[in-house]
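Right, one structure below, let's go through it.
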Amino acid sequence: MGKHRRFGWLAIPLFLSLPVLWAGAQGNGSPGGAPQGTPAAGPPPGLTLKFAAPSATRGEALSRSCAGCHGPAGVSTQAGVPGLAGQVPSYTRFQLAVFRAKLRPSEVMQRVAARLSDQDIADLAAYFAAQAPGPAWTADPALRARGAALFQGGDNDRNVIACAVCHGEDGRGADRQGIASVTNLAPEYGLEVLHEFRDTPRFGVPHPDAMRIALKPLSDDDLKALAAYISSMK
Ligand code: HEC
Ligand code: HEC
């Protein structure tokens, strides 16, 4: 998988709770983004979903079409495909909304999401959130130890925030803030997504600045260590 796909997905739930970061995260004129220099007014339109109380049972039925790639019950067995089991529902909903709005790249997921209604998205998110995250992937012990130290403790000397501050010591994220669960994340996807957060310059729509800032001081080897650790947290 390439490291340099254009990457326009958003961290709006977090921005809503971190106005300071939000103020710095403006679009630059791409679809859905505000023109350069215009203050960001909030989420681009079309990303606010309308749904009744989510039904995990209905979500389970809908999820059968996802299993071929994301694994049975959302437990991925492909290192390049993220698992969905145990993901916080706000994160899953938001990612499906940004795929559907074609703001997050992925031909396959844009096609999948185009068929989903707001209610489908909410039901799927509720179903996957109720599943236990997949088992730990196998990881190199030395890499994993280095990743664990960074994730849990950060690195003061280099201005690295402990990932656990946002993602939790157990990596399970936070639904209210839209912070993703990263526990046992598929390792190749994990490494790729860390590179994207760190390396892709801002463009288009408000970017996940929380992650970009968190990852900025980190080297390629750090990212490898972190991907190894989060893929094998439990
Ligand atoms: C043909 C394979 C395929 C199918 C079918 C598929 N997905 Fe995906 N999905 C992917 C891939 C690959 C990615 C990673 C996209 C990327 O490169 O960023 C992904 C990413 C996602 C993400 C983002 C996860 C994250 O951690 O950021 C969500 C949510 C998701 N898919 C939900 C679904 C749901 C719900 C269905 C069924 C309705 C589904 N997918 C069907 C392949 C698939
Ligand atoms: C200030 C809070 C914050 C910190 C610190 C932080 N993250 Fe995140 N992280 C987030 C948010 C919010 C998201 C969801 C981004 C989005 O909506 O696009 C996220 C997303 C992710 C994802 C994507 C998950 C997926 O399924 O695609 C990974 C992997 C990740 N973070 C790992 C890390 C690691 C490793 C660190 C430490 C170096 C870290 N994060 C530090 C807030 C944070």
Side-chain angles (χ1 to χ4, degrees), residues 1-2 5 7-18 21 59 61-71 74 76 78 80-100 103-116 120-121 123-125 127-128 147-148 150-155 158 160-168 171 173-174 177-198 205-218 222-223 225-231 233:
M1 288 203 165
R5 294 173 304 166
F7 199 63
W9 51 333
L10 324 177
I12 282 169
L14 185 80
F15 285 122
L16 293 177
S17 62
L18 288 182
L21 286 178
L62 289 167
S63 77
R64 287 188 199 119
S65 67
C66 323
C69 296
H70 290 282
S76 174
Q78 299 184 59
V81 182
L84 305 174
Q87 187 52 272
V88 301
S90 59
Y91 178 81
T92 301
R93 285 197 305 266
F94 195 69
Q95 298 310 317
L96 288 170
V98 292
F99 283 129
R100 196 176 59 180
L103 294 171
R104 176 174 170 182
S106 170
E107 223 171 278
V108 47
M109 278 311 302
Q110 288 184 359
R111 216 175 325 121
V112 167
R115 297 194 302 259
L116 301 174
D120 294 342
I121 287 177
D123 294 348
L124 282 160
Y127 167 69
F128 286 118
L150 276 173
F151 190 97
Q152 300 295 348
D155 183 348
R158 292 191 295 152
V160 178
I161 317 171
C163 318
V165 168
C166 291
H167 289 280
Q177 286 95 348
I179 299 177
S181 168
V182 294
T183 303
N184 298 349
L185 188 63
E188 276 171 30
Y189 169 82
L191 183 59
E192 185 179 357
V193 95
L194 290 175
H195 273 280
E196 285 174 341
F197 279 123
R198 190 194 63 180
V205 290
H207 201 66
D209 268 14
M211 281 295 296
R212 194 176 57 79
I213 292 164
L215 297 180
K216 200 169 175 202
L218 297 173
D222 292 330
L223 298 192
L226 284 162
Y229 175 61
I230 59 182
S231 72
M233 279 187 87

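Atoms within a ligand are numbered from 1 in the order they appear, just like the ligands themselves.
- Of the listed residues (Gln87, Glu192, Met211), the one carrying the non-hydrogen atom nearest atom 10 (C) of ligand 2 is Met211.
- Of the heavy atoms in Leu215, only side-chain atoms (C-beta onward) come closer than 4.0 Å to ligand 2.
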- Task: Please lay out, stage by stage, how Cys66 and Phe128 fare under the test side-chain contact (heavy atoms from CB on, under 4.5 Å).
- Result: CA-CA 11 Å; Cys66 323; Phe128 286 118; 4.3 Å; yes

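- Judged by distance alone, the side chain of Thr183 and the main-chain N or O of Gly171 form a donor-acceptor pair under 3.5 Å.
- By the criterion of a heavy-atom distance under 4.0 Å, the side chain of Leu185, and not its backbone, is placed next to ligand 2.
- Only the side chain of Phe197 comes within 4.0 Å of ligand 2, judged by heavy-atom distances.
- Selection from Ala97, Cys66, Pro82, Cys69 by nearest heavy atom to atom 1 (C) of ligand 1 gives Cys69.
- Contact annotation: His70 places an N, O or S atom under 2.8 Å from atom 8 (Fe) of ligand 1.
- Among Glu196, Met109, Arg115, the residue whose heavy atom sits closest to atom 20 (C) of ligand 1 is Met109.
- A donor-acceptor pair under 3.5 Å is formed between the side chain of Gln110 and the backbone N or O of Arg104.
- In terms of heavy-atom proximity, Leu62 sits nearest to Leu124 at CB-CD2, 3.7 Å.
- Ligand-side atoms of ligand 2 in range of Ala214: 5 (C), 41 (C), range being under 4.0 angstrom from any heavy atom.
- In summary, the atoms of ligand 1 found under 4.0 Å from a heavy atom of Val108, numbered by their order in the structure, are 1 (C), 2 (C), 3 (C).
- Between the side chain of Gln152 and the main chain of Ala164, no donor-acceptor pair closer than 3.5 Å is present.
- Counting heavy atoms under 4.0 Å from ligand 2, residue Leu150 does not touch it at all.
- Nearest to atom 36 (C) of ligand 2 by heavy-atom distance, out of Cys163, Cys166, Ala227, is Cys163.
- Across Gly147 and Leu226, no two heavy atoms sit closer than the pair O-CD2, 3.6 Å.
- Here's the thing with Arg104: one of its N/O atoms is less than 3.5 angstrom from an N/O atom of ligand 1.
- Proximity of Phe151 to Val182: side-chain heavy atoms (C-beta onward) are separated by under 4.5 Å at one or more points.
- Looking at ligand 2, you won't find any N or O of Ser181 less than 3.5 Å from one of its N or O atoms.
- On a distance-only criterion, Ser106 and ligand 1 share no N/O pair closer than 3.5 Å.
- Nearest approach of Ser106 to Phe99, heavy atoms of both residues: CB-CE2, 3.7 Å.
- Taken to the nearest 0.5 Å, the CD1 atom of Ile179 stands 11.5 Å off from the SG atom of Cys163.
- One option in Gly68, Ser63, Ser65 has a heavy atom closer to atom 5 (C) of ligand 1 than any other, and that option is Ser65.
- Residue contacts with ligand 1, taken as heavy atom pairs separated by less than 4.0 Å, involve Leu96 solely via side-chain atoms from C-beta onward.
- The shortest heavy-atom distance from Val165 to ligand 2 is not under 4.0 Å.
- With hydrogens and angles ignored, the 3.5 Å screen pairs no side-chain donor or acceptor of Arg93 with any backbone N or O of Ala125.
- Polar contact with ligand 2: present for Tyr91 (N/O pair, distance under 3.5 Å).
- The distance criterion of under 3.5 Å between nitrogen or oxygen atoms is met by His167 with respect to ligand 2.
- Here the side chain of His167 pairs a donor or acceptor atom with the backbone of Ala180 at under 3.5 angstrom.
- Under a 4.0 Å criterion applied to the non-hydrogen atoms of Leu218, ligand 2 contributes the atoms 38 (C).
- Side-chain atoms of Thr92 do not come within 3.5 Å of backbone N or O of Pro89 as any donor-acceptor pair.
- Using a 4.0 Å cut-off between heavy atoms, Gln95 contacts ligand 2 through its side chain alone, with no backbone atom that close.
- Note on ligand 2: Tyr189 sits in its first shell, one or more heavy atoms being nearer than 4.0 Å.
- A salt bridge does not link Arg100 with Asp120: every distance from a Lys NZ or Arg NE/NH1/NH2 to an Asp or Glu carboxylate oxygen is 4.0 Å or more.
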